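Okay, handing you the structure first.
Hydrogens, waters and symmetry mates play no part in the numbers below; they use all other heavy atoms, side chains included. What you are looking at is a predicted structure, and each value in this text was computed from that prediction instead of being measured.
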There are 2 protein chains.
Amino acid sequence: MSSLTILRSYAQKSNPDSLPSSVLLSHSDTSLTIFDAYPKSIFHFLILPRVKAPWTANELTGLSSVFKCDKARAKELLLSLKDEADSARKTIQDEMQKRYGFKWDIWIGFHAIPSMEHLHLHVISNDLCSPRMKLKKHYNSFHPKLGFFLHLNDVLSWFDAEPSYFETAIQLKKAKYEPLLKEPLSCWRCGRDIANMPTLKSHLQVEWDDEARKEKARVERKRKREEDANRIDTQNTLIGPPTKK
Amino acid sequence: MSSLTILRSYAQKSNPDSLPSSVLLSHSDTSLTIFDAYPKSIFHFLILPRVKAPWTANELTGLSSVFKCDKARAKELLLSLKDEADSARKTIQDEMQKRYGFKWDIWIGFHAIPSMEHLHLHVISNDLCSPRMKLKKHYNSFHPKLGFFLHLNDVLSWFDAEPSYFETAIQLKKAKYEPLLKEPLSCWRCGRDIANMPTLKSHLQVEWDDEARKEKARVERKRKREEDANRIDTQNTLIGPPTKK
DNA sequence: TATTCCGATAGTGAC
DNA sequence: GTCACTATCGGAATGAG
């Protein structure tokens with residue numbers, strides 16, 4: 001199977017459960033949620049629309065081809081992907097809590113110019129810490145403010161925009177988006193320019209470690225507060241009436 | 001010692017014999033012949049003018065600064081370098097015969113834009129086979145027909161050219177010569193374009209092996225002819241008068 | 001913007 | 001056009017049977 005069309009081959013399966021569990025996380029009637037084979041963050045899933053009536057494989061090649069179909073149908077499709085993405089987000093959040101003791105943000109969106117020939121919606125945790133995050137284009141393709149990563153909610157807002165804006169937006173012109181991948185590296189959190197990928201990766205790790213530390217402290221303070229409140233409640237229950245706040 | 005000025009430091013020695021034998025091959029009153037520290041061929045020497053009255057270190061920075069001095073003095077300097085280069089050439093030819101049993105061509109010339117700050121004349125065998133021959137710019141800087149390598153005899157001919165030609169030539173404009181180093185690779189022997197350095201290096205090795213084979217065969221034929229002639233002479237001496245040719 | 005392999009290209013730092 | 005080091009950039013192939 002060529003790497004260019006592997007997602008399509010998944011999306012064409014009439015029985016998604018035949019996919020190995022290392023590939024498939026879950027599926028619905030209209031979509032699959034798979035593990036990105038080269039995760040660019042600790043958590044990274046792809047939501048694929050299934051090739052199923054009324055959709056053909058060609059119509060599902062990418063965002064542009066989807067938009068070229070009936071507008072209402074396109075919106076319906078994206079909303080169903082959104083449902084699946086929200087579900088994947090919850091799965092990720094549970095895992096975050098279980099494995100790391102805290103939760104951090106998750107981004108949901110498309111690449112303006114994908115390489116693989118089947119629409120895929122990224123659901124990715126915002127750490128961007130992964131051994132597979134190797135190249136400038138990898139990073140820039142997920143930078144949340146650069147423009148190449150199209151947040152799903154932004155894409156959905158196109159449906160409510162002026163028709164002329166909609167028509168321009170859905171063209172996803174290469175000339176507009178391709179150069180973004182070559183932009184200088186900058187930390188999406190602190191905005192600082194960073195000279196190269198090794199330095200950026202260290203920086204992202206520090207930023208995430210920092211967030212982890214702060215979040216865990218916050219969780220711990222909350223736990224303490226609740227414990228205190230509980231002890232006071234218990235004391236109050238045992239020795240007197242509740243104190244006024 | 002910075003690599004930019006190391007040649008100058010050699011050229012300034014009042015006693016060149018204090019240089020290690022791994023650096024110095026020989027010297028005259030006006031010049032040094034040193035081993036190129038990064039030989040781009042099997043044989044590769046540099047001839048340096050010594051910093052010695054009437055020459056100052058600044059005047060000897062490069063070809064341009066030399067030409068800016070008195071024209072007659074400049075010519076005299078180049079002719080003295082030529083003498084040393086011819087001497088180095090003979091040394092190389094002896095070594096070729098001793099080590100390889102045949103001789104091949106030697107080029108004598110300057111780089112139009114040198115990186116090191118002291119005039120140095122290259123004396124280099126035309127094999128261009130060396131582990132130090134690594135980059136396109138290395139090769140192109142010695143390509144005998146590309147223009148970046150200025151054969152000493154060509155430079156000397158500038159003195160006899162129209163004054164306007166002379167004045168233009170001695171400027172050695174970067175804009176003219178720099179782009180030559182990025183020209184596509186082509187074999188200086190057979191003219192074929194060659195895609196990359198690894199391929200070129202293999203090709204140069206084959207070309208040189210080929211020349212070696214042919215030259216050795218030629219040498220052997222000559223030896224045989226002389227042996228035959230000698231045997232016939234000897235026979236003639238022993239058994240009769242020389243035969244007419 | 002799938003990865004991987006190979007090589008060319010570009011910037012730096014050397015002292 | 002000094003080198004050596006690091007990283008980036010640029011093309012081509014990639015599968016399957």
Which whole number of Å gives the distance between the P atom of D:dG15 and that of C:dC6?
14 Å
Please indicate whether B:K13 has more than 12 foreign heavy atoms, meaning atoms of other residues, nucleotides or ligands, lying under 6.0 Å from its NZ.
no
To the nearest Å, give me how far apart CD1 (B:I6) and C1' (D:dC3) are.
12 Å
May I have the list of side-chain donor-acceptor pairs in residues 174-193 of chain B shorter than 3.5 Å, sequence neighbours left out?
{"unit_1": "B:S186", "atom_1": "OG", "unit_2": "B:H143", "atom_2": "NE2", "d": "3.4"}
{"unit_1": "B:R189", "atom_1": "NH1", "unit_2": "B:E211", "atom_2": "OE1", "d": "2.5"}
{"unit_1": "B:R189", "atom_1": "NH2", "unit_2": "B:E211", "atom_2": "OE1", "d": "3.2"}

Generate the contact string for nucleotides 6-15 of chain C. Rules: B means base contact, S means sugar-phosphate contact only, - means no protein heavy atom under 4.0 Å.
-SSSS---BS
Euclidean distance, atom NZ of residue A:K137 to atom C1' of D:dA7 [Å, nearest integer]:
15 Å
side-chain contact (heavy atoms from CB on, under 4.5 Å) partners of A:N15, counting only residues at least two apart:
A:D17, A:S18
For D:dG17 versus C:dT3, give the span between their P atoms, rounded off to a whole number of Å.
24 Å
To the nearest 0.5 Å, what is the distance between CG on B:L78 and CG on B:L119?
7.0 Å
Show the nearest heavy-atom pair for residues B:R50 and B:S14, with the distance to one decimal.
NH2-O, 3.1 Å
A:H120 near the nucleic acid: base, sugar-phosphate alone, or nothing, with a heavy-atom cut-off under 4.0 Å?
sugar-phosphate
Heavy atoms of other groups near B:Q171 CD, more than 12 under 6.0 Å
yes
Return all side-chain donor-acceptor pairs below 3.5 angstrom for residues 33-49 of chain B, not counting sequence neighbours, or 'none' if the list is empty.
{"unit_1": "B:D36", "atom_1": "OD1", "unit_2": "B:Y38", "atom_2": "N", "d": "2.7"}
{"unit_1": "B:D36", "atom_1": "OD2", "unit_2": "B:H44", "atom_2": "NE2", "d": "3.3"}
{"unit_1": "B:K40", "atom_1": "NZ", "unit_2": "B:Y38", "atom_2": "O", "d": "2.8"}
{"unit_1": "B:S41", "atom_1": "OG", "unit_2": "B:S125", "atom_2": "O", "d": "2.6"}
{"unit_1": "B:S41", "atom_1": "OG", "unit_2": "B:L128", "atom_2": "N", "d": "2.9"}
{"unit_1": "B:H44", "atom_1": "ND1", "unit_2": "B:K40", "atom_2": "N", "d": "3.1"}
{"unit_1": "B:H44", "atom_1": "NE2", "unit_2": "B:H122", "atom_2": "ND1", "d": "2.9"}

Can you tell me how far C1' of D:dC9 sits from CG of A:N140, to the nearest Å?
14 Å
Enumerate, in order of first residue number, the stems that involve DNA chain C, defined as 3 or more consecutive Watson-Crick or G-U wobble pairs with both distances under 3.5 Å.
C:2-14 with D:2-14
Interatomic distance where CD1 belongs to A:I194 and P belongs to D:dT8 [whole Å]
12 Å
Counting the atoms with a prime plus P, OP1 and OP2 as sugar-phosphate, which does B:Y177 contact under 4.0 Å by heavy atoms, base, sugar-phosphate, or nothing?
nothing
Can you tell me how far apart CG (A:L24) and OH (A:Y10) are? Round to the nearest 0.5 Å.
10.0 Å
Solution key, residues 196-203 of chain A side-chain donor-acceptor pairs under 3.5 Å, sequence neighbours excluded:
{"unit_1": "A:N196", "atom_1": "OD1", "unit_2": "A:T199", "atom_2": "N", "d": "3.0"}
{"unit_1": "A:N196", "atom_1": "OD1", "unit_2": "A:T199", "atom_2": "OG1", "d": "2.6"}
{"unit_1": "A:K201", "atom_1": "NZ", "unit_2": "A:S130", "atom_2": "O", "d": "2.8"}
{"unit_1": "A:K201", "atom_1": "NZ", "unit_2": "A:M133", "atom_2": "O", "d": "2.9"}
{"unit_1": "A:S202", "atom_1": "OG", "unit_2": "A:P198", "atom_2": "O", "d": "3.1"}
{"unit_1": "A:H203", "atom_1": "NE2", "unit_2": "A:E207", "atom_2": "OE2", "d": "3.0"}

